[in-house]
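Step one of this worksheet: look at the structure below.
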Amino acid sequence: MTTESTGPVLHMRGITKAFPGVRALDGVDLEVAPGEIHAICGENGAGKSTLVKILSGVHPHGSYRGEILFEGEPCRFRDIRASEARGIVIIHQELALIPQLSIAENIFLGNERAGRGGIISWSETLRETEALMRRVGLAGEHPQTPVAALGVGKQQLVEIAKALAKRVKLLILDEPTAALNDEDSRELLRLITGLREQGIACVLISHKLNEVRQVADTVTILRDGRTVETLPMATTSEDRIIRGMVGRELEQFYPERTPYTGERAGQVALAVSDWTVRHPLDQQRRVVDSVSLEVRYGEILGLAGLMGAGRTELAMSVFGRSWGRYERGTVAVHGHEVSTRTVSDAIGAGIAYVTEDRKTYGLNLLDTIARNISLAALPRVARRGFVDEHAETRVAEGFRASMNIKTPTVFEPVGRLSGGNQQKVVLSNWINTGPEVLILDEPTRGIDVGAKSEIYTVIDQLAAQGKAVIVISSELSELLGVCDRVATMTAGRLTGILDRAEATQEALMRLMTGTDEQTGAGA
Amino acid sequence: MSPVIGRLATVVARSLRTNMRQYGMLIALVALLAVFQIWTGGDVLLPRNVSNIINQNGYILILAIGMMIVIINGHIDLSVGSIAGFAGAAAAVMMLEHDIPWQLALVLSLLIGAAIGAWQGFWIAYVGLPSFIVTLAGMLLFRGATRILLEGRTWSGLPQGFQDINQGFLPEVGPDTNYHNLTLLLGLAVCGVVVIQEWRTRQQQKDYDLNVLPRELFVLKCAAIVAAVMAFSLTLASYRGAPVVLLILGGLLVLLGFVMRNSVIGRHVYALGGNRAAAQLSGVKYRRVTMAVFINMGVLSALAGCVFTARTGTATTGAGNLFELEAIAAAFIGGASMSGGVGTVLGAVIGGLVLGVLDNGMQLLKIGEDWQQVIKGLVLLVAVAFDVWNKRRGLTGRA
């Protein structure tokens with residue numbers, strides 16, 4: 001493959017994209033030179049995924065502002081098929097393969113080698129599949145093996161073969177190694193460098209900066225929906241990238257921490273030891289690996305980590321083993337080992353978990369605010385198995401006032417509330433269980449600034465009442481704003497715990513990307 | 001006087017508009033009755049015919065109540081007709097071949113229903129098979145089992161006591177008043193309870209500063225309920241009184257309506273249907289609740305089977321055929337949602353009555369069986385389409 005022009009193969013100019021309530025991208029520029037591997041780095045929510053979704057036509061032309069030039073020609077993609085026709089193929093983090101279909105069928109799905117009348121030519125399909133499989137290093141497999149029988153690493157290779165079948169010129173990989181073990185990751189990175197030799201340009205989104213350093217030629221850093229800078233990789237250190245990713249001031253809307261001075265101050269509320277959990281489908285992978293941590297009464301502990309670090313998995317597996325396959329580890333509340341085999345056990349032990357995805361895991365959107373608030377602790381408003389609706393309404397009204405839930409009545413369906421108010425309902429549901437320990441997973445995701453500030457105040461109040469609070473968040477400024485200590489995780493392991501005084505965004509980012517590791521952090 | 005009426009009219013109209021989902025099917029039922037009343041020249045609401053509608057549809061309504069709960073929980077049950085057939089057959093065999101008294105046979109038959117429900121619940125809740133498959137298997141299994149049990153023939157000569165479950169009426173007591181005394185008293189009692197309930201709800205709503213119906217409208221609403229209940233009991237009382245099936249239905253409606261609305265397990269059924277993942281993360285025990293829902297369905301299927309057997313006075317191998325589809329249709333017409341989490345027991349009864357009145361009215365009009373099916377199919381389609389449209393309208397722009 002040769003490119004005559006010396007200009008960029010891809011030029012995105014002034015890309016601006018707004019979702020209801022947020023401006024995800026604000027005048028982003030991106031230039032990719034022919035045949036280079038171009039990394040995009042940024043915190044969660046910086047706008048990386050939105051940018052590549054625009055490029056691949058997931059967000060169609062007209063839903064954003066700005067222009068896209070590919071091989072010098074302006075592009076207005078209506079959908080993914082349009083961008084693929086031009087040779088731009090995106091491979092999402094969640095693989096888009098049909099597990100029951102064979103490798104060959106998957107590679108040519110939607111791009112079938114068919115003759116007249118739509119009859120698939122299997123001989124041609126298989127011949128081409130074998131050629132493609134050799135190119136991506138899958139020669140050892142049979143083209144008719146169902147994809148489900150392959151490991152995640154090889155499935156990723158099938159995705160790349162699928163892209164090659166579409167005569168890809170620009171390959172976009174969104175966190176390709178997030179779900180892979182070290183060996184599979186190396187294999188994949190080797191393959192990407194190999195494709196560069198064949199003249200295929202690649203846009204690589206990754207949190208793993210060491211990988212970015214290894215393979216990328218250029219890096220563009222995004223922050224809060226803007227392009228910060230584009231740097232040549234050869235002269236750029238990981239620290240330099242991190243500074244670009246986080247470089248922003250701590251915002252001032254965090255409340256002053258109110259100390260807890262009750263009798264249990266300083267005592268350990270929750271102690272997790274040696275907690276190890278495997279992936280539910282991929283038994284080889286330890287998604288949480290030998291994690292030990294303690295939270296005290298009245299303390300707010302932050303849990304930082306990039307996507308795939310295992311924070312939510314840790315929280316959900318501790319909370320009634322709601323995720324993955326338990327391997328080993330113990331949980332103690334107030335010094336006594338407790339069973340958390342089921343969600344009821346965990347609730348009974350005084351643990352509450354507020355999910356990061358309130359619509360999927362937190363709320364029954366069809367039901368009323370009052371009923372959502374009482375759900376996890378229904379026996380508290382019931383006598384002999386029957387709900388006292390009086391008591392239930394009183395409880396809901398109490399939370400409406402104390403949490404400032406903005407609604408005409410507590411009998412409105414929860415689905416009608418704004419994100420911030422929905423989040424307050426989920427929080428109310430869990431505070432109502434009377435927990436000792438609250439684990440809040442991304443408590444301010446997708447809610448507006450005003451509601452965020454209110455939630456921070458609630459978190460501070462909970463700690464002031466003596467509750468132990470764990471806050472999982474992807475926003476480092478948030479963790480530094482509300483927490484007493486911040487723990488970091490990378491690839492399932494605890495890599496450090498920093499006191500608020502010594503924690504900076506740079507230090508945390510180094511621990512989160514695996515650049516640094518505190519010695520003995522997991523002990 | 002006219003400004004009061006005008007104001008009332010606007011309030012009624014507004015209240016109807018906001019509560020379309022709740023009242024839609026009730027209005028449809030009343031409209032249906034009115035239309036047939038006109039077309040048949042007044043035959044539909046004759047005391048004898050009203051009594052008939054109840055007796056003809058009792059078993060479907062019982063099944064619809066159970067089916068509604070299954071659907072709210074996010075499942076479906078295709079086997080209820082076969083279970084009804086099997087339980088009815090079992091009761092008949094017990095009474096005729098083993099001379100078991102009918103009361104005991106009834107109880108044992110209900111226990112058989114519970115056992116079958118537990119069997120299906122086990123496969124669904126504990127093994128994790130889709131309810132569609134498990135109950136499809138149950139539909140075939142218990143249809144066959146009914147044939148085996150009855151040795152392929154029709155069993156008749158059931159004791160009168162058993163037949164009275166469907167054919168009987170409340171006994172007559174007291175002086176001769178030209179009306180059935182107990183039925184009238186029962187009607188008055190229902191009126192009293194309903195009005196007191198409405199009043200208490202209104203007081204509670206006031207306590208929470210909710211918008212309550214204006215006083216005039218509240219009085220109007222109560223008056224309408226009293227008038228409807230009394231008209232209904234007078235109609236029944238001028239024939240042979242309240243049928244036993246009506247008492248069974250009323251009992252189920254009150255009991256299961258209360259359980260679904262006010263009990264912890266009822267709430268859990270709604271929560272699991274509305275968002276199973278969220279409910280489980282709130283400590284709701286999916287397996288136990290689903291098991292209970294299917295046991296309940298099994299018992300209600302058996303009860304419906306006994307009621308049907310009592311109605312025909314015979315046990316046949318074809319008893320209960322296609323009941324499951326009538327019950328499912330009733331539940332959906334009554335406001336259930338395919339995805340679960342929505343619906344009320346009362347809705348199922350109203351949905352079942354819409355189908356029943358439709359059947360009865362078309363029979364009176366001598367419309368053939370063929371056209372009856374066409375029309376019922378269209379009614380199901382339109383009712384659910386209306387519901388979906390209504391929901392979409394309610395959610396857009398808000399969610």
Side-chain angles (χ1 to χ4, degrees), chain A residues 316 319-320 322-323 342-348 352-355 357-368 370-372 374-390 392-394 396-397 400 408-418 422 426 429-430 433, chain B residues 18-19 21 72-74 197 200-201 203-212 255 257-289 292 335-337 339-343 391-392 394-399:
Chain A
M316 285 184 74
F319 188 68
S322 306
W323 195 91
T342 68
V343 172
S344 322
D345 286 349
I347 295 174
Y353 170 69
V354 179
T355 166
D357 184 350
R358 57 183 167 266
K359 286 192 175 158
T360 313
Y361 297 113
L363 294 168
N364 179 356
L365 294 172
L366 303 171
D367 223 333
T368 64
R371 289 178 171 203
N372 271 287
S374 62
L375 181 61
L378 210 47
R380 282 167 85 102
V381 292
R383 256 177 316 189
R384 280 189 240 103
F386 285 94
V387 178
D388 178 351
E389 287 190 309
H390 243 323
E392 179 178 53
T393 310
R394 245 192 326 272
E397 285 291 345
R400 170 155 86 125
T409 77
V410 293
F411 305 106
E412 290 285 311
V414 131
R416 288 197 185 158
L417 298 180
S418 70
Q422 286 183 1
V426 184
N429 182 21
W430 286 106
T433 62
Chain B
T18 50
N19 295 305
R21 264 178 62 68
I72 291 171
N73 192 33
Q197 276 295 339
R200 277 179 50 186
T201 311
Q203 289 306 313
Q204 279 184 20
Q205 287 177 336
K206 268 187 175 168
D207 287 349
Y208 298 122
D209 298 328
L210 293 176
N211 285 330
V212 292
L255 178 73
F258 184 69
V259 164
M260 286 304 284
R261 188 182 156 83
N262 287 75
S263 77
V264 171
I265 189 167
R267 289 296 183 75
H268 286 177
V269 172
Y270 278 101
L272 283 169
N275 186 341
R276 185 164 142 194
Q280 284 185 294
L281 274 179
S282 289
V284 175
K285 295 198 162 62
Y286 165 74
R287 292 174 168 178
R288 280 191 211 171
V289 174
S337 151
S339 53
V342 194
K391 243 179 258 174
R392 203 172 293 157
L395 279 180
T396 43
R398 302 280 205 109

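These values consider heavy atoms only, across backbone and side chains, with no hydrogens, waters or symmetry-generated copies. Below, chain A is the first sequence line, B the second, and so on; all start at residue 1. In this text the structure is predicted, and so the values were computed from the model without any measurement.
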* Asked: Contact part of A/Thr342 toward chain B, heavy-atom cut-off under 4.5 Å: side chain, backbone, both or neither?
  -> neither

* Do the two ring centres, one from A/Tyr361 and one from A/Trp323, sit under 6.0 Å apart? -> no

* Check side-chain hydrogen bond (donor to acceptor under 3.5 Å, both in side chains) between A/Ser374 and all other residues, then give those that pass, not counting sequence neighbours. => A/Glu392

* Asked: Side chain, backbone, both or neither: which part of A/Ile347 has a non-hydrogen atom closer than 4.5 Å to chain B?
  -> side chain

* Without swapping roles, check the side chain of B/Asn262 against the backbone of A/Phe386 for a donor-acceptor pair under 3.5 Å. => no

* Could you label the plane-to-plane angle of the A/Trp430 and A/Phe319 rings as parallel, tilted or perpendicular, counting under 30° as parallel and over 60° as perpendicular? => perpendicular

* To do: Name the region of B/Val284, side chain, backbone, both or neither, that has any atom closer than 4.5 Å to a heavy atom of chain A.
  => side chain

* To do: Specify the closest pair of heavy atoms between B/Leu281 and A/Ser322, including all atoms of both residues, with the distance to one decimal.
  => CD2-OG, 3.4 Å

* **Region of B/Arg261 in contact with chain A, defined by heavy-atom distances below 4.5 Å** => both

* Asked: Is it the backbone or the side chain of A/Asn429 that comes under 4.5 Å from a heavy atom of chain B, or both, or neither?
  -> side chain

